[in-house]
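Ligands are counted one by one from 1 in listed order, and the atoms in each one are counted from 1 as well.
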Amino acid sequence: MPQIRKLPVGLVNKIAAGEVIERPASVVKELLENSIDAGAQQVEIAIDGGGTDLIRITDNGCGIDADQLELALAPHATSKLASSDDLFDVRTLGFRGEALASIAEVSHLTLRSRTASSDSGYELRCEGGTLEPIKPCATNVGTSIEVRHLFFNTPVRRKFLKAPQTEMAHVVDAFARIALAFPSVHMTLTSNDRLLHDLLPTERWVERIRAFYSDEIGDALIPVEHADDHVRIRGYVADPSVSRTNNRLQFLFLNGRYIRDRSLQHALGEAYRGLLMVGRLPICFLQLELDPKAIDVNVHPTKIEVRFADSGALYSRLLNALRHKFLTTDLVAKAAVPDREPSTLVGAGAASIEPVDRSASGTELMTWARQQSHALPAARDIHFDPVDPRRVPDFRPFPNFGGRTDPFVDPANPNALAGPTTSNTQSPHTSSPDPLLGHAGITGCQVLQTYLVTEDEDGMVVIDQHALHERILFEQIKAKILSKSLERQRLLVPETVHLAPSEAATAIEAKEMLAEIGIEIEPFGGDTVLISSYPSFLAKMSPAEMLKQILDTLINGGKKVNPQDLLDDVMNMMACKAAVKAGDRLSPQEISALLEQRHLYRDTHHCPHGRPTALVFSRQQLDKMFKRI
Ligand code: ADP
Ligand code: MG
């Protein structure tokens, strides 16, 4: 019969540590929260080696009495809860009393502390859960905790750690979440002796936000304020002209605690509905204050998720507060500011990057927003893409076979269909009015500005122009990358890109891979990188935006072990971005060029997303449909 045994304390603590302490950033989070709970006004954090070598945090909080030091490291020991009633009225960040015990179990920990009433400080060391005797030490009032060699005795955990830069990026994220929640606390963060952040105490929240994020975000913030009997909502949402493809810049703080909450994030998305392009997500920094009795924070080991007594009410309050704000805010002025100056790029593609004049869409948005009633709006996608002017809908009659210069094709670079490098640019037929003369090869026409119709030996073929072009580009990019012959342009003025900490870390880590695909970057201090060269075929797109998209692809695909799969993802994305879109009017030469390429690749029946690129209607099918047979 199997024996039932009580697990040894050390093992229990290691198991608990597994839940709470996943990586260095979790240690930073727990220790910082303790400092805040101790009433510290100043907290210094020093990190070495992304946190696996050293995490040191020094605060000027209330300190711990010498006779309590051992208890502080004991599991389930806390000064923050006295009875089970308190569990439903938590006003501190911590309360489970397991963080220090967990950290001490899986590291070499030194705890030094001194209270205001004591003449001396005291020091307690713990190595993998084994305590050493307490001894006096010289230290200021407050607490200092050093955590070295994290996970030294849990090799499996250690194996899952990423490169130091990546771990550091997570540390910065954890730091930012708490620094944003407590702007009145002076906080510094140092990594390998380099000062990353020195955040002076401030009463202006926006100052703290600006310390972490770019001016682009800082300048786009719209203040939000709402208060009723149940909840107070304060903070900022970003103007819809500034958004992201992920929700990492959606900050919700509940009574000072950073939380993620699907329902509230949904409310946020709902409030922006129709104001953002499909696939873009809003940015927000919002503080919610609720009676602690109306929340259960004890549902998640790291408390990042909470349960609300009445989440429905909170949802509608947030939604209504934001809607009200949008209805009374003039979004036009901000939306009309061009995102970037043209001509940062050298070379033919340079002039083609025009900021789209979005004042028109801005006005449209405002009118739309003002018409909103309190009812849910109908779903609607408004496409205004700051980067690719060709996306602007074109309402001219179809199909224009005049062969004139296409206003959406850059005159300096008539081969706008980057990819089909057939002779059409040099061709004497470039301005031929007759598509049939344009190319000796395949002819066809464009319908609905989306499909190409042609015939081949199987019958009539209808081709999705975007899917086909994307496929062609994908193959070409792949071939060029493999043969290391991808054309790139040096940027005369390197472009600075402000990234989120995790993006910056990913960028640096992927530097070589990025160079392979033609994007050369250099770290430029903090979370900023410089782009110094860029693939020519992407000239129509903003390097910064493209880099962010690639990083997104890398971060989201982070679980793919095979670098080739990751590279495939990135190439797919680039091909998709560079390809003509549904709605792009094509010149006859471009149509021919595309159709010609179709025969160069064997597997063109499916685009990289797996959708068909072409439908074939055989003679027999057509005859049948027309009841000829
Ligand atoms: P919890 O925060 O859930 O109480 P911890 O294991 O994080 O559990 O900390 C245990 C106890 O140690 C706390 O309740 C607190 O009394 C004390 N403590 C930890 N860090 C500090 C600090 N920086 N300053 C003062 N006291 C601290
Ligand atoms: Mg704690």
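Ranking protein heavy atoms by distance to atom 6 (O) of ligand 1, first place goes to Leu100 N, 2.9 Å. Summary of contacts: the protein heavy atom closest to atom 21 (C) of ligand 1 is Asn34 CB, 3.9 Å. Of all protein heavy atoms, the one lying nearest to atom 2 (O) of ligand 1 is Lys80 NZ, 2.7 Å. Protein heavy atom at the shortest distance from atom 17 (C) of ligand 1 is Ile64 CD1, 4.0 Å. Regarding atom 16 (O) of ligand 1, its nearest protein heavy-atom neighbour is Ser79 OG, 2.5 Å. Protein heavy atom closest to atom 22 (C) of ligand 1, with residue, atom name and distance, is Thr143 OG1, 3.7 Å.
Closest approach of Glu270 to Arg323, counting heavy atoms only: O-NH2, 4.3 Å. In this structure, Ile21 and Arg157 approach most closely via the heavy-atom pair O-NH1, 2.9 Å. Considering every non-hydrogen atom in both Phe95 and Asn298, the closest pair reads CE1-OD1, 3.9 Å.
With a heavy-atom cut-off of 4.0 Å, Ala38 touches ligand 1 through its side chain alone.
Residue Ala77 approaches ligand 1 through these ligand atoms, each under 4.0 Å from one of its heavy atoms: 10 (C). Set against the non-hydrogen atoms of Asp59, the atoms of ligand 1 under 4.0 Å away are 22 (C), 23 (N). Interface of Arg96 with ligand 1, defined as ligand atoms under 4.0 Å from a residue heavy atom, comprises 3 (O).
Ligand 1 has no N or O atom lying under 3.5 Å from any N or O atom of Gly94, backbone or side chain. The distance criterion of under 3.5 Å between nitrogen or oxygen atoms is met by Thr78 with respect to ligand 1. Close N/O approach between Phe95 and ligand 1 is found [any backbone or side-chain N/O within under 3.5 Å].
Residue contacts with ligand 1: Gly97 is included, with a non-hydrogen atom under 4.0 Å away. Within the 4.0 Å heavy-atom shell around ligand 1 one does not find Glu30.
Considering only heavy atoms from C-beta on, Asn246 comes within 4.5 Å of Glu503 through its side chain. Using a 4.5 Å heavy-atom threshold, the side chains of His108 and Glu146 count as separate. Annotation: side chain of Ser35 is in contact with side chain of Ile57 (closest heavy-atom distance under 4.5 Å).
Rounding to the nearest 0.5 Å places CG of Leu314 at 11.0 Å from CG of Leu319. Atom-to-atom distance recorded for Cys126:SG and Glu70:CD is 9.5 Å, nearest 0.5 angstrom.
Among Phe212, Tyr258, Phe251, Phe253, the single residue meeting the ring pair (Phe, Tyr, Trp, His ring centres under 6.0 Å) criterion with Phe285 is Phe251.
Atom 12 (O) of ligand 1 has its nearest heavy-atom neighbour, among Ala72, Ala99, Ser113, in Ala72.
A salt bridge links Arg210 to Asp219: at least one charged side-chain nitrogen sits closer than 4.0 Å to a carboxylate oxygen.
Looking only at atom types and distance, the side chain of Asn60 has no donor-acceptor partner in the side chain of Asn140 under 3.5 Å away. When only modelled atom types and interatomic distance are considered, His498 and Thr496 share no side-chain donor-acceptor pair under 3.5 Å. With no hydrogens or angles considered, no side-chain donor-acceptor pair links Asp85 and Ser83 at under 3.5 Å.
Surrounding CG of Asp193 are at most 12 heavy atoms belonging to other residues, nucleotides or ligands under 6.0 Å away.
For a distance threshold of 2.8 Å, the protein N, O or S atoms nearer than that to the Mg ion (ligand 2), listed by chain and number, are Asn34 OD1.
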